[in-house]
Amino acid sequence: MKFRQTELDNGLVVMAEEMASARSMALGFFVRTGSRDESPEVSGVSHFLEHMMFKGTGKRSALEVNLEFDKMGAKYNAFTSEENTVYYAAVLPEYQERVLDLWADLMRPALRDDDFNTEKGVICEEIAMYKDLPHFDVMDRARRLHFGEHGCGNSVLGTVESIQNMSSQQMRGYFDQRYAPDNMVLACAGKMNWDKLIEQAERLCGDWPATGAARELSDFRGTGNKEAVMKEQIQREHICLICASPSAQSELRYAAGVLANIIGDDTGSRLYWALVDTALADSAEMECDAADGTGAFYTYISCDPDQAEKVVEIVNEILKNVRQKGITEKELLGSKNKIASAMTLGGELPMGRLVPLGLNWIYRREYRAMADELKKLQSITADDINNLLDEYPLEPVTILGLGAGKL
């Protein structure tokens, strides 16, 4: 693999990881914007805007956009998180220029009022759909409970009220400020022509105006609050526990990923053996979300409502045990091998490398080859986990239960 990177005069970073043996390429625009950057008046605008980006431009209608992707045989999509909005496509190398021409055009959308008003209904339907998914609903509510007024507690979808009250002018203002070249990265992975990529990026994106878009960054260790939410139509109790973790900029993030895997991997973890294998819960998992300037460990459990209190007691006991006694060498080795296998399998395809490539630059302005990431992972020791626990002791814990209200 060969890494290349340059920055246009307007601040747009163009980067690539060339994979000589690849038979495909993946390309995408990474925009450093998400729900944490929104004010209450435009809650949900980042995700709404993601939808609008596919509604056409001054050159192409929405139908023509879809047909163009289809003609290339592209595997394409987009996603919005609390912190980033990412647009990507995987194509055969001969379509490099064509797919970049299409994405660059889509990055300057028409944002027509008619499309905006129609899409409002789609977004509201999507909010209703996700509210019917207990796993999503409990995580969304717990995040707000944990982060309080911090931007990371903002809902990606927003609310029906915020979407209905939003104006197209507000969306355009948000777009003009956040979708600026100095707040974006154009990343590519796989088999490509780097010189053509740079020439085309200069031609298509070089006149986009920079805005100096910024983000308010602050670490937040959590409220430690507890809440039970009644939702009678739910048959299971859905529980989310959150505590502070390292940020995306911290070197402790590697140890945090290993620790989360030891505690809450979906097979063979402490939560699995204590809760799933014993039939106290049908699902029990922990993951680490290393965010911009802050972070959080998320634990999700689904169980019978009558077992909710017992399950939470067991989880708290597991966390206490980890704090006091640490982990075993056997757990450490198994966890590192699981993560290494997942990284290696995912990184064999250009699409699997694209997102890590882009987000590494978004968060740290650095390139990390997969070999470097694997080397760092395998170097993690029990002492590193202990150092992590000294700074992030898995407490205080924010807890939210959704269902029968028996938590």
Side-chain angles (χ1 to χ4, degrees), residues 35 43 81-82 127-150 152-160 220-245 259-267 269-289 291 294-323 392-407:
S35 57
S43 177
S81 70
E82 290 82 14
I127 292 173
M129 178 189 72
Y130 275 101
K131 284 295 182 183
D132 283 338
L133 300 177
H135 178 272
F136 173 87
D137 197 16
V138 72
M139 299 289 281
D140 205 42
R141 291 172 184 265
R143 189 181 298 109
R144 288 199 299 272
L145 183 66
H146 177 77
F147 282 104
E149 297 300 316
H150 191 281
C152 284
N154 294 347
S155 172
V156 172
L157 295 179
T159 65
V160 170
F220 192 76
R221 297 305 175 104
T223 62
N225 291 336
K226 181 178 178 179
E227 184 178 335
V229 179
M230 291 281 293
K231 209 166 186 180
E232 294 180 356
Q233 64 269 38
I234 297 178
Q235 301 302 311
R236 309 294 285 169
E237 190 74 20
H238 298 267
I239 304 165
C240 181
L241 301 89
I242 308 178
C243 52
S245 82
L259 179 61
N261 187 272
I262 289 171
I263 296 174
D265 185 46
D266 59 2
T267 59
S269 65
R270 294 196 182 190
L271 289 178
Y272 174 84
W273 292 118
L275 298 176
V276 179
D277 186 65
T278 59
L280 288 172
D282 51 80
S283 180
E285 302 172 11
M286 174 187 272
E287 63 180 26
C288 178
D289 181 19
T294 190
F297 289 106
Y298 292 85
T299 300
Y300 167 75
I301 302 158
S302 171
C303 65
D304 186 287
D306 292 335
Q307 300 285 3
E309 290 188 15
K310 182 177 181 180
V311 163
V312 172
E313 287 177 6
I314 291 173
V315 174
N316 283 329
E317 189 61 33
I318 289 173
L319 298 182
K320 180 181 177 181
N321 184 274
V322 170
R323 284 195 297 270
Y392 297 92
L394 304 177
E395 59 180 355
V397 179
T398 302
I399 307 176
L400 189 137
L402 180 69
K406 294 187 177 183
L407 184 64

Look only at the side chain of Thr294 and the backbone of Phe220, and say whether a donor-acceptor pair between them is shorter than 3.5 Å. yes

Any donor-acceptor pair under 3.5 Å linking the side chain of Ser35 with the backbone of Asn154? yes

Please collect all salt bridge (charged side-chain N to carboxylate O under 4.0 Å, His left out) contacts where either partner lies in residues 308-322, sequence neighbours excluded, each pair once. none

Quick one: does Gln307's side chain have a donor or acceptor within less than 3.5 Å of a partner on Ala281's backbone? no

Taking the inter-plane angle between the rings of Tyr300 and His238 on a 0 to 90° scale, is it parallel (under 30°), tilted (30 to 60°) or perpendicular (over 60°)? parallel

Does atom CZ of Phe136 have more than 12 heavy-atom neighbours from other groups under 6.0 Å away? yes

To the nearest 0.5 Å, how far apart are CD in Glu285 and CG in Leu271? 9.0 Å

Of the non-hydrogen atoms in Ser43 and Gly158, which two are nearest, and what is the gap between them? OG-CA, 3.3 Å

Side chain to side chain contact (heavy atoms under 4.5 Å, CB included) with Leu275: which of Val311, Ile318, Asp282? Val311

Minimum-distance pair of heavy atoms, taken over all atoms of Asp289 and Tyr298: CB-CE1, 3.7 Å

Side chain Thr223, main chain Leu145, donor-acceptor under 3.5 Å: yes

For the side chain to side chain contact (heavy atoms under 4.5 Å, CB included) test, which of Leu319, Leu241, Asp266 pairs with Met286? Leu319

According to salt bridge (charged side-chain N to carboxylate O under 4.0 Å, His left out), does anything in residues 140-149 pair up with another residue at least two apart or in another chain? List the pairs. Glu82-Arg143, Asp137-Arg141, Asp140-Arg143, Asp140-Arg144

Let me confirm one number: the SG-CD1 distance from Cys303 to Ile239, rounded to the nearest 0.5 Å. 4.0 Å

In Å, rounded to the nearest 0.5 Å, how long is the span from CZ of Phe297 to OG1 of Thr398? 14.0 Å

As an exercise, state the distance from CD1 of Ile399 to OG1 of Thr299, rounded to the nearest 0.5 Å. 10.0 Å

Mind checking the CG-SG spacing from Leu394 to Cys243? Nearest 0.5 Å is all I need. 5.0 Å

Does any non-hydrogen side-chain atom of Asp304 lie less than 4.5 Å from one of Arg236? yes

In this structure, CG of Leu402 is separated from NE2 of His135 (nearest 0.5 Å) by 12.0 Å

Would you say Gln233 has more than 12 foreign heavy atoms packed within less than 6.0 Å of its CD? yes

